Amino acid sequence: MSVRVRFAPSPTGYLHIGSLRTALYNYLFAKHHGGVCILRIEDTDRTRFVEGAIEEQIESLRWAGVVFDEGPHVGGNYGPYVQSERFPLYREYGMKLVASGHAYYAFDTAEELDAMRQRQQNAGIAPKYDRATMRNQYTVGEAETQRLLAEQAPHVIRLKVPLTAEIRFHDEVRGDVVMHGREIDDQILLKSDGFPTYHLANVVDDHLMEITHVIRAEEWLPSTPKHVLLYEAFGWKPPVFAHLPLLLNPDRSKMSKRHGDVMVHDFRGKGYFPDALVNFVAFCGWNPGTEQEMFTLEELCSAFTLERVAKAGAVFDYKKLDWMNGEYLRKKDVAELTSALLPALQERRYPYIEPDYVSSVISLLRERVAFLHDITEFGDYLFGDVLQDVEGSALADLRADDAFVTALRAWRDTVTDEDLADHDRFKGLAEGAAAAGGLKLGKFMKPLRLVITHRDVGADLFPTLKLIGKRRCIERIDSFLS
RNA sequence: GCACCGUUCGUCUAGAGGUUAGGACACCGCUCUUUCACAGCGGUAACACGGGUUCGAGUCCCGUACGGUGUACCA
C-alpha cells in the first residue's frame with residue numbers, strides 16, 4: 001500500500017514555523033516513499049476561524065516549496081478536504097459509536113462541568129469527566145435520555161473510555177507507549193452544537209482518506225490513546241504514528257512569539273530565502289547522519305527518514321539560521337539575486353541600477369551580509385551619490401590632516417580610468433599618492449574609503465572604486481575638499 | 001497534582017557496549033588583508049545525578065533530579 005500522509009492545520013492565522021516543519025516532514029516522508037501528501041483543513045472550531053488564513057497558509061507552504069497532491073485548492077478523490085464541508089459525516093460516525101456502546105450522551109452544562117473540576121481540584125484528584133456522577137445516559141437512565149433527546153435538550157456525545165484498559169501503541173519516533181484507561185478522559189466527540197471535536201474528525205477523516213502515517217507534533221502524543229480507542233471502536237486499522245519533537249524557545253518552552261518571529265510570513269518578510277529556511281528547519285529535529293548540512297528540497301526528499309528524527313525538542317537558533325541564509329546568499333545565481341533585488345532599488349530611486357552593474361555590486365558585497373536586502377543599505381554609495389552622514393568629526397579631522405589631503409590631491413589629480421581597471425596600476429597609483437603625503441599605504445587607503453564611501457567598512461577598495469568609476473570618485477573627493 | 005515524553009559542548013546534533021566523545025552555529029585567537037567580512041588554521045566547551053548489568057557503559061536496566069507537553073463543548 002502506498003504512503004498517504006496529511007498536513008492538517010487549522011485556519012486560525014498565519015502559518016507557524018513549527019507547522020512548516022511538520023508539513024515539511026510529511027512532505028519529505030511522502031516524496032521519499034513515492035507517496036501522496038494531502039492538505040486537510042481542520043476548521044471544526046468555527047469560533048477560531050480567521051478569514052484568509054487558509055489561503056495564507058497555503059501560500060506560505062508553496063513559498064517554502066511544500067506542495068500537495070490533494071487538498072482544497074487542488075482537489076483529489078477523497079474530498080472535500082475542509083472539515084466544515086464534511087460535518088454530516090462526523091455526526092453519522094458519532095451515532096455509530098453510540099449505537100455500538102462506545103460513546104454516550106451527556107447533558108451536563110458548562111457550569112456543572114466547572115463545578116465538577118472544582119470539586120476534583122479541591123480533592124486533589126485529576127480533573128476528568130466523572131461518568132458515574134454527572135448527568136449522562138448512564139446516570140439518568142435510558143427513558144430519561146430518550147425524553148431529553150426528544151425535547152432537544154443540549155447534549156454532547158462522549159467517548160466511553162474503558163476504565164480498566166491498557167492502551168498501547170507504537171510510535172515511530174518514541175517506540176512503544178502505554179497508557180491506562182483510567183487516566184484518559186471521556187473526550188467529547190460531538191459538541192452540543194453538533195460539530196465534531198478534533199479527536200473524532202481527525203480519526204474519521206484519516207480513515208476515510210486512507211492515511212497511512214500520522215506525522216504530527218509531540219503535543220498530540222497525550223491524546224493519541226483516545227484516537228487509538230476510536231480506531232478500535234470503529235474496527236479500523238490505525239495508521240502508523242510518529243510524534244515530532246517540538247520547536248522550542250531559548251527557555252525550552254514551546255516556541256512562541258514572545259521570543260521572536262515564529263510565523264513563516266515573518267521570516268519571508270525579513271528576507272530569508274525559502275530554501276535556506278527549509279534547509280534549516282529540516283535540521284531542527286532531524287539529521288541525515290552525515291556531515292552534509294546544505295540540502296536542497298530534492299536532496300532532503302531522498303535523505304529523509306523517520307528513523308533519524310530526534311526525540312528531544314530543539315531550541316530554534318536564529319543565529320544559525322542567519323548564517324545559513326548567508327550561505328545561500330553566497331551560493332545563489334547572481335542573475336537571480338539581481339532580479340530579486342532590483343525592485344527594492346527602484347523603490348529607493350537609486351540612479352545606478354543597471355542590471356549588470358547591480359550584479360557586480362551583489363557579487364562584491366554578498367560575502368559581507370546575511371540578507372540580500374542588506375546590500376541596498378550596505379552598498380548605498382554604489383547605487384547613488386548621496387552619501388550617508390559620517391558620525392562625529394572624522395571628515396573634518398581628515399580635512400585638517402595635511403599629509404592625507406596632500407596624498408588625496410595627488411591621487412585625485414593623477415587617477416585615470418586605466419588605473420581603476422587594473423589592479424596593479426591601482427595599487428601603484430595608491431602607493432604613489434600615499435608617498436606624496438609621506439604616508440604608508442594603509443594610512444591612505446582607510447581615509448580614502450571614508451571620503452568616497454562615507455563608511456569605514458566595505459568590500460575591497462579597488463573593485464569598489466572601479467565600480468564607482470573615476471568621474472564619481474573625483475566628484476566625491478572635490479566635494480570633500482570644498 | 002496526575003499522565004506521558006525527554007535529557008551528549010551555550011545552541012543544533014553524531015554516537016545503536018570498547019571513540020583521544022566527531023561535526024556545525026556562536027564565542028576566542030591566528031593567518032590573509034586597505035577596513036569589515038569571506039576563507040583557512042587553531043582553541044575554549046558536553047555525556048544531569050545515583051545505583052545496577054557487564055571484563056568494559058554516552059550507549060542496556062532501575063531510580064532520582066530537572067525540563068517539556070498534555071490535562072477544554074481549542075486544535
Side-chain angles (χ1 to χ4, degrees), chain A residues 8-12 42-45 47-48 106 108-110 113-114 117 120-121 123-129 154-158 171 173-175 177-180 182-185 187-199 201-202 216-225 243 245-246 248 250-254 280 283-294 308 310-324 326 330 365-370 378 427 430 434 440-450 453 455-462 464:
Chain A
S10 41
T12 54
E42 310 227 325
D43 58 346
T44 53
D45 182 359
T47 63
R48 295 209 305 158
D108 316 277
T109 64
L113 290 169
D114 284 346
R117 289 194 195 95
Q120 290 166 330
Q121 201 179 333
I125 57 176
K128 180 171 172 296
Y129 185 74
H155 66 276
V156 300
I157 288 171
R158 286 181 179 270
D171 185 283
V173 173
R174 280 145 226 289
V177 180
V178 186
M179 277 186 233
H180 299 275
R182 61 173 179 276
E183 310 289 354
I184 299 166
D185 207 359
Q187 185 67 50
I188 288 177
L189 266 17
L190 284 166
K191 304 183 243 184
S192 54
D193 60 7
F195 294 129
T197 58
Y198 167 84
H199 304 281
N202 116 68
R216 83 233 294 194
E218 188 187 353
E219 54 203 344
W220 293 109
L221 196 55
S223 51
T224 302
H243 287 92
L246 261 21
L248 271 26
D251 67 0
R252 305 201 75 84
S253 57
K254 193 160 77 170
F280 177 75
F283 271 70
C284 291
W286 172 87
N287 78 85
T290 65
E291 299 207 331
Q292 183 183 348
E293 277 203 289
M294 306 303 280
R308 297 208 61 86
K311 293 175 168 63
V315 174
F316 193 88
D317 187 345
Y318 291 90
K319 277 194 167 180
K320 188 161 184 178
L321 204 212
D322 286 356
W323 164 79
M324 190 165 271
R330 267 158 244 131
L365 297 184
R366 77 208 298 201
E367 293 194 342
R368 300 177 147 71
V369 295
F378 194 77
K427 196 163 184 183
K440 284 186 162 179
L441 186 60
K443 292 286 182 196
F444 174 64
M445 295 289 270
K446 287 165 81 167
L448 178 62
R449 172 190 300 281
L450 189 68
T453 71
R455 309 274 173 144
D456 47 19
V457 301
D460 278 357
L461 204 50
F462 163 62
T464 301

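Not measured: the values here are computed from a predicted model. Chain identifiers are assigned alphabetically (A, B, ...) following the order of the sequence lines, protein sequences preceding nucleic acid strands; residue numbering begins at 1 within each chain.
Across all strands shown, B:rC28 is found opposite B:rG42 as a Watson-Crick or G-U wobble partner, with both distances under 3.5 Å. Pairing for B:rU7 goes to B:rA65, judged as Watson-Crick or G-U wobble with the two contacts each under 3.5 Å. Across all strands shown, B:rC73 forms no Watson-Crick or G-U wobble pair with both key distances under 3.5 Å. Look at B:rU33: it lacks any Watson-Crick or wobble partner with both distances under 3.5 angstrom. Shown here, B:rU53 forms no base pair; nothing in the strands shown gives a Watson-Crick or G-U wobble contact with both key distances under 3.5 Å. In a base pair of the Watson-Crick type (N1 to N3 plus N6-O4 or O6-N4) or a G-U wobble (N1-O2 and O6-N3), with each distance short of 3.5 Å, B:rA21 is matched with no nucleotide.
Using atom P as the reference point in both B:rC66 and B:rG50, the two lie 16 Å apart (nearest Å). Atom P of B:rA57 sits at a distance of 45 Å from the matching atom of B:rA72, rounded to the whole Å. Using atom C1' as the reference point in both B:rA16 and B:rA21, the two lie 15 Å apart (nearest Å). With P as the reference atom, B:rC9 and B:rG22 are 14 Å apart, rounded to whole Å. Separation of the C1' atoms belonging to B:rG23 and B:rU19 is 14 Å when rounded to the nearest angstrom. Atom name C1', nucleotides B:rC49 and B:rG43: the rounded distance is 30 Å, in whole Å. Nucleotides B:rG10 and B:rA45 have their C1' atoms positioned 9 Å apart, rounded to a whole Å. Comparing the P positions of B:rC30 and B:rU11 gives a spacing of 27 Å, expressed to the nearest Å.
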Below 3.5 Å, can you tabulate the donor-acceptor pairs from side chains in residues 190-197 of chain A to any protein atom, sequence neighbours excluded?
unit_1: A:Lys191; atom_1: NZ; unit_2: A:Thr44; atom_2: O; d: 3.4
unit_1: A:Asp193; atom_1: OD1; unit_2: A:Phe195; atom_2: N; d: 2.9
unit_1: A:Asp193; atom_1: OD2; unit_2: A:Arg46; atom_2: NH1; d: 2.6
unit_1: A:Asp193; atom_1: OD2; unit_2: A:Arg46; atom_2: NH2; d: 3.2
unit_1: A:Thr197; atom_1: OG1; unit_2: A:Ile188; atom_2: O; d: 2.8

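Here the closest heavy-atom approach between residue A:Asp322 and residue A:Ala370 is recorded as O-CB, 3.7 Å. The minimum heavy-atom distance between A:Pro245 and A:Glu218, with the atom names listed, is CA-OE1, 4.1 Å. The minimum heavy-atom distance linking A:Arg330 with A:Glu367 is given by the pair NE-CA, 3.8 Å.
Between the CE atom of A:Met179 and the P atom of B:rC2 there is a distance of 16 Å, given to the nearest Å. At whole-Å resolution of the value, CZ in A:Arg48 and P in B:rC73 are 14 Å apart. A:His199 places its NE2 atom 9 Å from the P atom of B:rC74, with the value rounded to the nearest Å. Put simply, CE on A:Met445 is 13 Å from P on B:rU33, counting in whole angstrom units. Between A:Phe280 atom CZ and B:rA24 atom C1' there is a gap of 11 Å when expressed in whole angstrom units. Nucleotide B:rU7 holds its C1' atom 12 Å from the NZ atom of A:Lys311, rounded to whole Å. If you take CZ of A:Arg216 and C1' of B:rC5, they are 14 Å apart, rounded to a whole angstrom. Atom-to-atom, CG of A:Leu246 to P of B:rC5 comes out at 15 Å; the value is rounded to the nearest Å.
At distances below 3.5 Å, at least one donor-acceptor pair connects side-chain atoms of A:Gln292 with backbone N or O atoms of A:Met294. Side chain of A:Asp251 to main chain of A:Ser253: a donor-acceptor pair is present (N/O by atom type, distance under 3.5 Å, no hydrogens or angles). The main-chain N or O of A:Val173 is found under 3.5 Å from a side-chain atom of A:Asp171 such that the two form a donor-acceptor pair.
Between A:Gln120 atom CD and A:Ile125 atom CD1 the span is 5.0 Å, to the nearest 0.5 Å.
Residue order along RNA chain B, read from the 5' end via each residue's closest nucleotide, puts A:Lys427 first among A:Lys427 and A:Tyr198. Residues A:Ser253 and A:Arg449 each lie close to RNA chain B; by heavy-atom proximity, the contact nearer the 5' end of the strand is made by A:Arg449.
Close to B:rC2, at under 4.0 Å from its OP1 or OP2, lies no side-chain N or O of A:Arg182. Put simply, A:Lys191 has a side-chain N or O that comes within less than 4.0 Å of OP1 or OP2 on B:rC74.
At a threshold of 4.0 angstrom between heavy atoms, the contacts of A:Asp108 include nucleobase atoms, whether or not backbone atoms are also involved. Across all strands, A:Asp460 comes closer than 4.0 Å to base atoms (heavy-atom distances). Backbone-only contact: A:Thr44 has heavy atoms under 4.0 Å from sugar-phosphate atoms and none from a base. Within the 4.0 angstrom heavy-atom criterion, base atoms lie near A:Ala459.
With sequence neighbours excluded, no residue forms a salt bridge (Lys or Arg N to Asp or Glu O under 4.0 Å) with A:Arg182. Residues forming a salt bridge (Lys or Arg N to Asp or Glu O under 4.0 Å) with A:Lys319 (at least two apart in sequence, or on another chain): none. Residues passing the ring pair (Phe, Tyr, Trp, His ring centres under 6.0 Å) test with A:Tyr198, sequence neighbours excluded: A:Trp220, A:His227.
Proximity note for A:Glu367 (side chain, C-beta onward) versus B:rA75, B:rC38, B:rC73: the nearest is B:rC38. Taking only side-chain atoms of A:Glu218, from C-beta outward, the nucleotide of B:rG22, B:rC73, B:rG68 with the closest atom is B:rG68. Which of B:rU34, B:rC73, B:rU69 sits closest to the side chain of A:Lys254 comes down to B:rU69. Nearest to the side chain of A:Glu291, among B:rU35, B:rG22, B:rA75, sits B:rG22. Distances were taken from every side-chain heavy atom of A:Trp323 (C-beta onward) to each of B:rG68, B:rG23, B:rA24; the shortest belongs to B:rA24. Considering only the side chain of A:Ser192, B:rC73 comes nearest among B:rC4, B:rG1, B:rC73. The nucleotide whose nearest atom lies closest to any side-chain atom of A:Leu113 is, among B:rG22, B:rC73, B:rU71, B:rC73.
Contact of A:Arg174 with B:rC5 (side chain to base): no donor-acceptor pair of N or O atoms is detected under 3.5 Å.
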N/O to N/O distances under 3.5 Å, protein versus nucleotides 12-15 of chain B:
unit_1: B:rC12; atom_1: OP1; unit_2: A:Val315; atom_2: N; d: 3.0
unit_1: B:rC12; atom_1: O2'; unit_2: A:Phe283; atom_2: O; d: 3.1
unit_1: B:rU13; atom_1: OP1; unit_2: A:Gly285; atom_2: N; d: 2.9
unit_1: B:rU13; atom_1: O3'; unit_2: A:Asn287; atom_2: ND2; d: 2.9
unit_1: B:rA14; atom_1: OP1; unit_2: A:Asn287; atom_2: ND2; d: 2.9
unit_1: B:rA14; atom_1: O3'; unit_2: A:Arg308; atom_2: NH2; d: 3.3
unit_1: B:rG15; atom_1: OP1; unit_2: A:Arg308; atom_2: NH1; d: 3.2
unit_1: B:rG15; atom_1: OP1; unit_2: A:Arg308; atom_2: NH2; d: 3.2

Can you check nucleotides 41-50 of chain B for protein contacts, nitrogen or oxygen pairs under 3.5 Å, and list what you find?
none

For this session: Would you sort out whether A:Asn202 and A:Arg216 count as a side-chain contact (heavy atoms from CB on, under 4.5 Å), showing the intermediate values?
Result: CA-CA 12 Å; A:Asn202 116 68; A:Arg216 83 233 294 194; 3.8 Å; yes
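The cationic group of A:Arg158 lies under 6.0 Å from the six-membered ring centre of A:Tyr129 and within 45° of the ring axis, placing it in a cation-pi geometry.
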